Amino acid sequence: MRVLGLETTCDETAAAVVRLKPDGSGEILADEVMSQIAAHAAYGGVVPEIAARAHVEVLDGLIVRALQKAQMRATEIDGVAAAAGPGLIGGVLIGLSAAKGIAIAANKPFIAVNHLEGHALIPRIDGRLGFPYLLLLASGGHTQILAVEGVGEYVRLGATMDDAIGEAFDKTAKMLGLGYPGGPAVEAAAKGGDLERFALPRPMLGRPNADFSLSGLKTAVRHAAMAAAPLTTRDVADLCASFQAAVVDTIEDRLRVALGMYRQRGKTAKALVLAGGVAANGAIRSTLSRFAQQSGLPMVAPPLRLCTDNGAMIAWAGIERLRLGKTDDLSAPARARWPLDPTAERARNNKA
Ligand code: KG4
Ligand code: ZN
């Protein structure tokens, strides 16, 4: 089984072909990713109109290249998957329409994949990770802790009440005059910095639910930066190290609570899994691997290029769905919002 997957929900345009091997693992035959980072850098964030135009300009070329690298024609694929949301609607529509067009032309099944499900399932591509597992999904737009119990079966144990973790990294970087995207820039600047110099808050620490709140930390960084201005390279390094340490402590605490919540439901997670762009962070990876070890769980984190947005995760989620017969109608809509656990989302909205 070979599936073509398209990703256009944010600032990466991607097309990939993944093959399901007889042993249940996946082989990435092609994985073309075109980042728009340069186009958005001047604005310090993603500009939706620029993103949509860039997707239109490069997507067809990436699809052709992906098929060439996989050495196949469109008619030889077994299914076409596209991220149908959540994301910037202009971009989502472009990938979704392209996938539907190819599915019609090649007369193959179409699969509408939730972008978050792509992040959630890609750690299974090596064929070794079984359900259920506890997932920290942390990217520029999302921060949640999920129990992944099966394909399409997600229980949300906690989520951010304000900024996403990646967003907090991006905003901190912007505040300190570092580049965009902020995550890698803050991590690099933090190397050699003194993580104890600035006493920053650990929001939500010790709370009995597994939710996150990051806007207070962001404000504390701004105040500390203003008090220390004009900032030297040393100050920036210390601020970044202190900020990163606060984020790491918060994540560890929230995961500990989530693990307890899941146990209280009488369920046992088989692994702790990291996904989303923030999972590229070395400090977060090493702390959580120690935490997982203490909790008696293996930690699974996909290789870095599969952590950030890519087409292989959409193709793989497409395979996971297709092999269960979960295909979609060509009327499947593009969705700006699309929670993985709609019950948790409803509960939250009712509370608000
Ligand atoms: O999953 P992703 O590629 O795109 C979204 O769906 O958002 O995640 C991008 C986010 C950005 O906010 C970026 O700053 C963050 O992931 N990120 C990092 C690191 N690398 C990327 N955050 C912290 N440390 C990193 N090394
Ligand atoms: Zn993402």
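Every number for a ligand or one of its atoms is a count from 1 in the order of the listing. All values derive from a computational prediction rather than experimental measurement.
Below 4.0 Å from some heavy atom of T308 lie the following atoms of ligand 1, by number and element: 3 (O). Taking every non-hydrogen atom of G141 and a distance limit under 4.0 Å, the qualifying atoms of ligand 1 come out as 7 (O). For ligand 1 and G182, the ligand atoms under 4.0 Å from any heavy atom of the residue are 14 (O). Taking every non-hydrogen atom of H119 and a distance limit under 4.0 Å, the qualifying atoms of ligand 1 come out as 1 (O). Numbered from 1 in the order shown, with element, the atoms of ligand 1 that lie under 4.0 Å from a heavy atom of H115 read 6 (O).
A salt bridge is absent between D170 and K174: the closest approach of a Lys/Arg side-chain nitrogen to an acidic carboxylate oxygen does not fall below 4.0 angstrom. Between D163 and K218 there is a salt bridge, since at least one side-chain N of the basic residue sits less than 4.0 Å from a carboxylate O of the acidic one. Between R156 and D341, no side-chain nitrogen of the basic residue sits less than 4.0 Å from a carboxylate oxygen of the acidic one, so the salt-bridge criterion is not met.
Atom CZ of R53 is surrounded by 12 or fewer heavy atoms from other residues, nucleotides or ligands within 6.0 Å.
Considering backbone and side-chain N/O of G277, one or more are found under 3.5 Å from N/O of ligand 1. When only interatomic distances are considered, the shortest N/O to N/O separation between G166 and ligand 1 falls below 3.5 Å. For ligand 1, the polar-atom distance check against E12 finds no nitrogen or oxygen pair separated by under 3.5 Å.
Atoms CD and OG1, from Q36 and T13 in turn, are 4.5 Å apart once rounded to the nearest 0.5 Å.
At the shortest separation from atom 13 (C) of ligand 1 among protein heavy atoms lies D170 OD1, 3.8 Å. Nearest protein heavy-atom neighbour of atom 23 (C) of ligand 1: G183 CA, 3.5 Å. For atom 9 (C) of ligand 1, the closest heavy atom belonging to the protein is G140 N, 3.8 Å. Protein heavy atom at the shortest distance from atom 3 (O) of ligand 1 is D309 N, 3.1 Å. Nearest protein heavy-atom contact of atom 26 (N) of ligand 1 is E187 OE1, 2.7 Å. Of the protein's heavy atoms, N281 ND2, 3.0 Å lies nearest to atom 24 (N) of ligand 1.
At a heavy-atom distance under 4.0 Å, no atom of H142 approaches ligand 1.
For the salt bridge (charged side-chain N to carboxylate O under 4.0 Å, His left out) with D31, the lone residue among K69, R305, R65 that qualifies is R305.
With a cut-off of 2.8 Å, the Zn ion (ligand 2) has an N, O or S atom of H119 in range. At a threshold of 2.8 Å, the Zn ion (ligand 2) has no backbone or side-chain N, O or S atom of C10 nearer than that distance.
Side-chain contact of Q244 with N281: a donor-acceptor pair under 3.5 Å is present, judged by distance alone. No side-chain N or O of S25 forms a donor-acceptor pair with one of E27 less than 3.5 Å apart. A donor-acceptor contact under 3.5 angstrom links the side chains of H115 and T9, judged on distance only.
Within the cation-pi definition used here (under 6.0 Å to the ring centroid, within 45° of the axis), R124 qualifies as a partner of F131.
A164 and S139 get closest at one heavy-atom pair: CB-O, 3.5 Å.
Of all N/O/S atoms in D309, OD1 sits nearest the Zn ion (ligand 2). Looking only at N/O/S atoms, H115 comes nearest to the Zn ion (ligand 2) through NE2.
Between P184, A283, A190, it is P184 that holds the heavy atom closest to atom 20 (N) of ligand 1.
Side chain of R254 to main chain of M204: a donor-acceptor pair is present (N/O by atom type, distance under 3.5 Å, no hydrogens or angles).
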